[in-house]
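To start, the structure itself, in structure tokens.
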Amino acid sequence: MVVDMIQNATVTLRVIEKVDDRPSNHDKTRQSVHDTVVSVNLNYVSAQTSIQDFGISNSKMINIRTLIPLPDFDFVIVDGLKYTLYASQSVVDRRNLTLVEVDA
């Protein structure tokens, strides 16, 4: 089985924070968006692998591998698509994140 890995792929880690406005605004809250762009190794998970490893038939999963610590995030944007964290594994300095597409 050949796995195509995209090395040095650029992804965006997005954090959405709710910021409370002044009390004079009648409890209206607004969202503050913070983006962090990082370079990671990326590969797409096949439907067969997702069934074998996770027991779900979802072909819209990706793996991100990195040696650097990543900041906290709400979701990841890859090629304009949103992904959320499904599974995470850390071994020494290596970090492996499995992400699933939000609208999948």
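Numbers here are sequence positions counted from 1. Everything numeric here is computed off the predicted structure, so don't read it as measured data.
To the nearest 0.5 Å, atom CG of residue Asn96 and atom CG of residue Asn63 are 5.0 Å apart. Here the OG1-CZ distance, from Thr36 to Phe73, works out to 11.0 Å after rounding to the nearest 0.5 Å. A distance of 6.5 Å separates CZ of Arg94 from CG of Leu67, quoted to the nearest 0.5 Å. Rounding to the nearest 0.5 angstrom, the gap separating the OG1 atom in Thr84 from the CG atom in Leu97 is 11.5 Å. Rounding to the nearest 0.5 Å gives a distance of 8.5 Å between OG1 of Thr98 and CD of Gln89. Between Leu13 atom CG and His34 atom NE2 the span is 13.5 Å, to the nearest 0.5 Å.
Under a cut-off of 6.0 angstrom, the local environment of CG in Asp79 is sparse, with at most 12 non-hydrogen atoms contributed by other residues, nucleotides or ligands.
Between Ile16 and Phe75 the shortest side-chain heavy-atom distance falls below 4.5 Å. Side chains of Ile64 and Asn41 form no contact here, defined as non-hydrogen atoms less than 4.5 Å apart. Looking at heavy atoms from C-beta onward, Met61 lies in side-chain contact with Tyr86 at the 4.5 angstrom threshold. A heavy-atom distance below 4.5 Å is not found between the side chains of Val100 and Tyr83. Using a 4.5 Å cut-off on side-chain heavy atoms (C-beta onward), Arg95 and Pro69 make no contact. Contact of the Val11 side chain with the Val38 side chain is registered, since non-hydrogen atoms from C-beta on lie closer than 4.5 Å.
A donor-acceptor pair under 3.5 Å is absent between the side-chain atoms of Asn8 and the main chain of Ser39, judged by distance alone.
Under the 4.5 Å side-chain contact rule for hydrophobic residues, Val102 and Ile77 do not share a cluster.
Contact between Leu99 and Leu85 at its shortest, heavy atoms only, is CD2-CA, 3.6 Å.
A salt bridge does not link Arg14 to Asp74: none of the charged side-chain nitrogens sits closer than 4.0 Å to a carboxylate oxygen.
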